[in-house]
Amino acid sequence: MEKSTGAAAVRPTLPAMTTIHVDADTVARLGETLRAVADALESTPDTSVDRWAMGPGETGSALDDLVGNWRHQRLLLARCLRDLGERAKVAGGLYVDTEASVAGRFTGGGPTR
C-alpha cells in the first residue's frame, strides 16, 4: 500500500487562538475592592463572651480556642487579600503600559504613553 504524498494530503489544522480582553481599570478596581475587604476583616471586632457564661467544664476553653483561631484566620485572610489587592493594582497598571507599547509598535511609533 502506498502513502499519498500529493496535494490531496491532509494537513493538520490548528485550533483558533483564544482572545482575552483585560480591562486595566477593572483590574485596578478589583485591587481596591480586595483591600477594602481586608480593611473590613481587620476592623471586625473580636467577639468575646465571658467564660463564666459558659458554665463549668471545658466549654469556656473550647470557646477561647475557637475565637482565637477565628481571629488568627481572619487576620491571615485580610493580609492575603491586601497582598492580592496590591498585586491586582500593579497588574492593572502593567496592562495599560503593555497596551500602549503594543499599540505604538503597530502604528509605527513608540509607546503612546
Participant: Which of these passes side chain to side chain contact (heavy atoms under 4.5 Å, CB included) with Arg82: Asp39, Leu41, Leu34?
Facilitator: Asp39
Participant: List the atom pairs, with distances to 0.1 Å, where a side-chain N or O of residues 87-95 and a protein N or O form a donor-acceptor pair under 3.5 Å, not counting sequence neighbours.
Facilitator:
{"unit_1": "Arg87", "atom_1": "NE", "unit_2": "Asp83", "atom_2": "OD1", "d": "3.4"}
{"unit_1": "Arg87", "atom_1": "NE", "unit_2": "Asp83", "atom_2": "OD2", "d": "3.0"}

Participant: Distance check, rounded to the nearest 0.5 Å: Leu76 atom CG versus Leu81 atom CG?
Facilitator: 9.5 Å
Participant: If you measure from CG on Leu77 to CH2 on Trp70, what distance do you get to the nearest 0.5 Å?
Facilitator: 7.5 Å
Participant: Show me, pair by pair, the donor-acceptor contacts under 3.5 angstrom made by side chains of residues 25-32, not counting sequence neighbours?
Facilitator:
{"unit_1": "Thr26", "atom_1": "OG1", "unit_2": "Asp23", "atom_2": "OD2", "d": "2.5"}
{"unit_1": "Thr26", "atom_1": "OG1", "unit_2": "Arg29", "atom_2": "NH2", "d": "3.3"}

Participant: Once side-chain contact (heavy atoms from CB on, under 4.5 Å) is applied, do any residues pair with Thr98, and if so which ones, sequence neighbours excluded?
Facilitator: Val102
